[in-house]
Amino acid sequence: MADQDEGRGLYAISVVADLLGTGQQNIRLYERRGLLTPGRTSGGTRQYSDSDLAVLRRIGELLDEGLNLAGVAKVLELEVDNARLRRQLERARARNARLLDSYPPAGQQE
DNA sequence: CTTCTGACA
DNA sequence: TGTCAGTA
């Protein structure tokens, strides 16, 4: 039923800052540096989804490990690419499995 | 809630 | 450079 968990809940920046234990200003800076792109209401208020929250947690981990914002942006980009490649690999494996199950084809004897 | 500016280690 | 406080 769920295509993808792309954020069931939406949070304001004050809630997110509370949840992460950081300042609202930092979260806005991450967005300015291209680390994430939360949704906006028609009035311009940021709306953070659950996936945005997951990204923000990653940012906190990477910063604790000593990376700067530029490094964090690079890692995040590589991680989304990696996830996309993994999904592609899984689809390819499933396709190969179907091919093997239907082998050999009927009436293919000499 | 938003943006911007400045100070700190 | 990233974080935080104050402002409009």
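Computed from a predicted model, the values in this text were never measured in an experiment. Within every chain, numbering begins at 1; the chains are lettered A, B, ... in the order of the sequence lines, protein sequences first and strands thereafter.
Residues A:Leu62 and A:Glu65 are in side-chain contact: their nearest non-hydrogen atoms beyond the backbone lie under 4.5 Å apart. Side-chain contact between A:Glu79 and A:Leu76: present, with at least one pair of heavy atoms (C-beta onward) separated by less than 4.5 Å. For the pair A:Glu31/A:Pro38, a side-chain contact is recorded, criterion being any heavy-atom separation below 4.5 Å from C-beta on. In this structure the side chain of A:Val16 reaches within 4.5 angstrom of the side chain of A:Leu20, judged on heavy atoms.
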Next item on the list: Report, as a single string ordered 5' to 3', how protein heavy atoms within less than 4.0 Å touch nucleotides 3-8 of chain C: B base, S sugar-phosphate only, - not at all.
Entry: BBBB--
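Look at A:Arg46 and you'll find a side-chain N or O under 4.0 angstrom from OP1 or OP2 of B:dT2.
Where pairing requires Watson-Crick or G-U contacts shorter than 3.5 Å, the helical stems of DNA chain C with at least three consecutive pairs are B:4-9 with C:1-6.
Annotation: side chain to side chain donor-acceptor pair (under 3.5 Å) contacts of A:Tyr11 (sequence neighbours excluded): A:Asp50.
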I'd like a list of close polar pairs between nucleotides 6-9 of chain B and the protein, N/O only, cut-off under 3.5 Å.
none

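Other residues, nucleotides and ligands place no more than 12 heavy atoms under 6.0 Å from the CD atom of A:Glu90.
Applying the salt bridge (Lys or Arg N to Asp or Glu O under 4.0 Å) test to residues at least two apart or on different chains, none of the pairs has a partner in residues 17-30 of chain A.
Per the geometry, CG belonging to A:Leu62 stands 12 Å off P belonging to C:dG2, to the nearest Å.
DNA chain B lies under 4.0 Å from at least one heavy atom of each of the following residues of residues 31-42 of chain A: A:Arg32, A:Arg40.
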